[in-house]
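The model shown is predicted, which means the values in this text are computed figures rather than measured ones. Letters A, B, ... mirror the listed sequences (proteins, then strands); counts begin at 1.
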Amino acid sequence: MYADMQYFDTLDSEQKTLSIRLVAALIMFFIALSLNLSRIVLFLSFFIPYTLIGYDVLFYAVKNILHGQWLDERFLMSIASIGAFALKDYAEAFAVMFFYQLGELFQSIAVGKSRKSIEELLSLAPETATRLINGTEETISPEEILIGDTIVVKPGERVPIDGRIIKGSTSLNTSDITGESAPVEVAEGDMIYSGSINISGSILLLAESEYENSTIAKIMDLIENSAGKKSKSEKYITRLARYYTPFVVVSAVLLSTIPPLVLNEAFLKWFERALVFLVASCPCALLISIPLSFVRGLGTASKHGILMKGASELEKLSEVDTFIFDKTGTLTEGSFTVSDVHSDNVDKDSILEISAIAESQSTHPIAASLKEACLKEPDISRLGGVTEHAGKGIQATVDNKEYFIGNTALMELVNADYKECSFPDTIVHMSKGNDYMGHIVISDQIKSKAKNSINKLKGQKIERIIMLSGDRKPVVDATSKTVGIDESYAELLPTDKVEITERIMHDGNKVAFVGDGINDAPVLTVADVGIAMGALGSDVAIEAADIVLMDDNLLKLPLALSIARKTMRIVKQNTTISLAFKAAVLILGAFGQVEMWLAVFADVGVMILAVLNSLRTGHMKTNTQ
Amino acid sequence: MKYSFKISKIDCPSCADRMEMAVSKLPFVENAQINFLTKKLNVEIAEEHFDETVKEINKAVSRIEPGCKIVR
């Protein structure tokens, strides 16, 4: 009893009034049924609860008719119930209005809850920020933050902007964004992103973006928009619904006029059946459960840091039968380390030194590893010009001499007599002019969860899993073997990746491409479903991809696939149940097997069933550890 | 120019659909999209006719859902 009262408080005032009206009217109705009254008194005893329950429906029915809205369901329900009164089916008339309003209440509550869940996801947006200016702290709204501002984030506060830590260290709770509960340790020099909660220590941030370009703003935008765009299924259903109501109403009119004339039967009998048709004229159960199912699915995914741009993307993911992975940064950590240097005639340390100087301006992860391996600080004054040869490497002037650093294609370009390396790693060759100097062996780490994730995808009946990489064949082969991928393509240029993806799609496969977003924008756009991983901070990724994973946990992929498939299953179930029921009611109703109250009751019942069914995506096994 | 409005009252998906169609039919309006769950109306309105168009939109939506208004 107490729990019911608590639940009652969660309703808004309109819903509360309606609930009270429903209960009061119901009580009056049962009194009317039990009393053995006659004629006018009998009529009133039903008419009063009927009016209590339906006064707003009747009022708006009249109002809308005056505006020319003939197909308004309030009008149709009113006609049906008044018709029932005319036939002296008082109990039926009440039942029609009662169940209709019950359905409206339920719909209102279901939609309210759905909207609240979206609001909760959007409540991740930080409300205030603290700016440090000339030693004093001022509280501002996140929208006022300028690039270069120093922002203070105290323990317990939400990080308001993307920025680099310039003072302090702490641990962050990123679970609202990535779905991962393990805290992330961050220290001076680290880049952190808006939306996470600061757990332990106070830090100072150098703001690197304005609020509207920050990660959290983009995520909020994505979530908000995702709830609106219609998927293929939804568009189809909406079009169906547009024709359904007029069709049923016209059928009702025909049903009440033609059969009695043709079959020479009582008009009243067919009139009653026509009323049943009117009562079944609203496709509400169908219309309401589908968006709710999608929102539920999208919301569940969001909680795990899987952001899908809309119902359409979710639907497409559920249809995917092929996964294409980019290697570096997606299946591997993307953190290279120099493991060896091979050379016949040149000092290994000087090879590293020159490469570190040459790559000093580059942000490529390979460049980072070269700089790290060189023990001395690279003396940048020795560096002259740097030219990039796309897909091959770089050309740099160091100590006034030309050096070429890159892959075998670059060596062939300058006619350097290079030596192949059998190691299954990334090999960076170096030549002075066309004098070959040697090569550097750089290794990347395969992500620990990679093999498990691939296995799970195979278990989910993904037919083809393919790896694409610009890296050399020995590395790609070794990686695919470790990870369990049968089909791989090595030594690809970025345009090759697009071509291969298109070819596979042309074969008839529904393709999901998984990349880290930074270099993969073209392929992300081309694939049926583009999935960008570790998208925190990458604008390009968020723009180009259809689905954005907030962290780089590969196990999120089979999870996303499960959520998408389960949601679509529920959508299909709801569609089938709703359509089947409607068809049954109409057919049986035409043959007089169904009474008015049963038709409305069934309608409301199916709606409740469909809505409850749509909640099932929230309860799924989700192990991503 | 693109505008985004909040819809004050919209509880029924078929009403949302009818509203979207009614708004689309108005002059100086393009690409009307109603997001039923977030209660938003995204629409392109010719700037010179903004005020009168907003009035027409309000009339159209309140015809379908009584008491309904759009708000900037």
A.B. asks: Using non-hydrogen atoms and a 4.5 Å limit, figure out which bit of A:Thr238 sits close to chain B: side chain, backbone, both or neither.
C.D. replies: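 For A:Thr238, backbone and side chain are both near chain B.
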A.B. asks: Please flag which part of B:Lys59 lies under 4.5 Å from any non-hydrogen atom of chain A: side chain, backbone, both or neither.
C.D. replies: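 Neither part.
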A.B. asks: A quick test of your reading: do over 12 heavy atoms of other residues, nucleotides or ligands sit less than 6.0 Å from CD of A:Glu143?
C.D. replies: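 It does: A:Glu143 CD has more than 12 such atoms within range.
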A.B. asks: For A:Phe581, does the CZ atom have more than 12 heavy-atom neighbours from other residues, nucleotides or ligands under 6.0 Å away?
C.D. replies: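 No, the 6.0 Å shell around CZ holds no more than 12 heavy atoms from other groups.
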A.B. asks: I need the minimum non-hydrogen distance between B:Thr38 and A:Glu224, along with the two atoms involved.
C.D. replies: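 Residues B:Thr38 and A:Glu224, closest heavy atoms: CG2-O, 3.9 Å.
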A.B. asks: Would you find more than 12 non-hydrogen atoms of other residues, nucleotides or ligands less than 6.0 Å from A:Glu212 atom CD?
C.D. replies: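 Atom CD in A:Glu212 is not crowded, with 12 or fewer foreign heavy atoms closer than 6.0 Å.
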A.B. asks: State the CG-CG distance between B:Leu37 and A:Leu298, to the nearest 0.5 angstrom.
C.D. replies: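 Answer rounded to 0.5 Å: 10.5 Å.
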A.B. asks: For B:Asp17 and A:Arg242, which heavy atoms make the closest approach, and how far apart are they?
C.D. replies: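 Distance-wise, the nearest heavy atoms are OD2-NE, 2.9 Å.
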A.B. asks: To check you understand the geometry: which heavy-atom pair defines the closest contact between B:Pro13 and A:Ile288, and what is its length?
C.D. replies: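 Smallest interatomic distance, heavy atoms only, reads CD-CD1, 3.6 Å.
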A.B. asks: Does A:Phe601, at its CZ atom, have more than 12 non-hydrogen atoms belonging to other residues, nucleotides or ligands within less than 6.0 Å?
C.D. replies: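 12 or below, so no.
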A.B. asks: If you count every heavy atom of other residues, nucleotides or ligands that lies below 6.0 Å from B:Lys9 atom NZ, does the total exceed 12?
C.D. replies: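 Above 12, so yes.
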A.B. asks: Using a cut-off of 6.0 Å, state whether more than 12 heavy atoms not belonging to B:Glu44 lie near its atom CD.
C.D. replies: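 Correct, the count exceeds 12.
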A.B. asks: Taking CZ in A:Phe247 as the centre, count heavy atoms belonging to other residues, nucleotides or ligands within less than 6.0 Å. Is the count above 12?
C.D. replies: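 Atom CZ in A:Phe247 is not packed in, count stays at 12 or less.
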A.B. asks: A:Glu234 versus chain B, heavy atoms under 4.5 Å apart: side chain, backbone, both or neither?
C.D. replies: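 Answer is neither: A:Glu234 stays 4.5 Å or more from chain B.
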A.B. asks: Could you pull out the closest heavy-atom pair between B:Arg63 and A:Asn64, with the gap in Å?
C.D. replies: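 In terms of heavy atoms, the two residues are closest at O-OD1, 3.2 Å.
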A.B. asks: Under 4.5 Å heavy-atom distance to chain B, tell me which part of A:Leu287 shows up: side chain, backbone, both or neither.
C.D. replies: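 Backbone plus side chain of A:Leu287, per the 4.5 Å heavy-atom cut-off to chain B.
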A.B. asks: Looking at chain A, which one of B:Gln33, B:Lys40, B:Lys39 has the largest number of heavy-atom pairs inside 4.5 Å, strictly under?
C.D. replies: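 Maximum pair count with chain A is reached by B:Lys39.
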